[in-house]
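Quantities reported herein were computed from a predicted structural model and do not represent experimental measurements. Atom set for the values below is all heavy atoms of this structure, side chains included, hydrogens, waters and symmetry mates excluded.
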Amino acid sequence: MFLPARHSEIVQMAKDNGRVLVEDLAAYFNVTPQTIRKDLNDLCEQRLLSRIHGGALFPSGIENMEYEERRKIASDEKEAIGRAAARLIPDKASLFINIGTTTEAVSKALLDHVGLMVITNNINVANRMRVYPEIEVVIAGGIVRGSDGGVVGEAAVDFIKQFKVDYAVIGASAIDHDGALLDFDFREVKVAQAIIANARHVILVSDATKFERTAPVRIGHLSQVDTFITDHCDIESIRAICRDSEVELVETSR
């Protein structure tokens, strides 16, 4: 497909960084925001990008983007979400931490806690937390995914089912406007479902870009969680589900 030079560069930037923002692109190319919005709309019509508020995402199709690329998306927002989640978890608590870049941000924010017992199927989380003597880390066994260090499969599910913990910190690759929590790998979903079923308080952590994505496998529904932490939520149907299901909605940017 032939693309004008600016369009081609925008697509490459989105691929490299996971997303692009109108204001940043306008400054980079020295054009008006209106020109960039038209560029993004054209690229989205060709299904090369997916539009979000204030910019566009590189689309994921039915495969998740590389873990390092996902870390770059909304990194500041994820750190704020991580800090907000850590404030809800007291010292000496037991908790699950699931796979994901946002759940990893929570693990980083928990490093000043004492007496934690952390059960995880996320090698990145285990490796970060294992060196802190005040935190006991228990890691699930199973198949290790090379793409992101996630431990998945039936062995991991069976391992998780041995525990009943105070808190679970889970993420999702996408959140549908009807409240469905979605992911890409059915093996990971089964682990997430076991985590939800075996925690007394479930904390969903997800930045607002997840409202604009889609994924093929259903984890569960927003109504199944106790607290939902995001940077901001402009989706009225999601806010209504939180109100109706008594899910505490925490928006870190408001």
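Side-chain contact between F211 and D234: absent, with no pair of heavy atoms (C-beta onward) separated by less than 4.5 Å. Contact check for T252 versus R83: no side-chain heavy atoms found under the 4.5 Å cut-off. I229 is listed as a side-chain neighbour of I203, based on a closest heavy-atom distance under 4.5 Å.
Hydrophobic clustering, with ILVMFWY side chains joined whenever heavy atoms are under 4.5 angstrom apart, keeps L111 apart from M117. Residues I160 and I143 are members of separate hydrophobic clusters, defined by side-chain heavy-atom contacts under 4.5 angstrom among Ile, Leu, Val, Met, Phe, Trp and Tyr.
Across all their heavy atoms, F159 and V138 have their closest contact at CZ-CG1, 3.4 Å. Minimum interatomic distance between D185 and R145 (heavy atoms only, all atoms of both residues): OD2-NH1, 2.9 Å. The two atoms that bring I97 and S107 nearest to each other are CD1-CB, 4.1 Å, heavy atoms only. The heavy-atom pair separating R51 from V22 by the smallest distance is NH1-CG2, 4.3 Å. M13 and L25 get closest at one heavy-atom pair: CE-CD2, 3.7 Å. The shortest heavy-atom contact between A109 and D112 is O-OD1, 3.5 Å.
Ion pairing between K92 and E136 fails under the 4.0 Å rule for side-chain N and carboxylate O. Salt-bridge annotation for E248 and R243: absent, with no side-chain N of the basic residue lying under 4.0 Å from a carboxylate O of the acidic one.
In the model, K210 has no side-chain atom that pairs as donor or acceptor with a side-chain atom of S173 under 3.5 Å. Side-chain polar atoms of D166 and H201 form no donor-acceptor pair below 3.5 angstrom. Checking T209 against D207 by side-chain atom types alone, a donor-acceptor pair falls below 3.5 Å. No side-chain donor-acceptor contact under 3.5 Å links D231 and S253.
Note that the CD1 atom of I241 and the CG atom of L249 stand 11.5 Å from one another [nearest 0.5 Å]. Here the OG1-CD1 distance, from T102 to I170, works out to 11.5 Å after rounding to the nearest 0.5 Å.
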Go through the steps to decide whether R128 and E104 satisfy the test salt bridge (Lys or Arg N to Asp or Glu O under 4.0 Å), and finish with yes or no. CA-CA 9 Å; R128 179 190 299 278; E104 192 177 337; 3.2 Å; yes
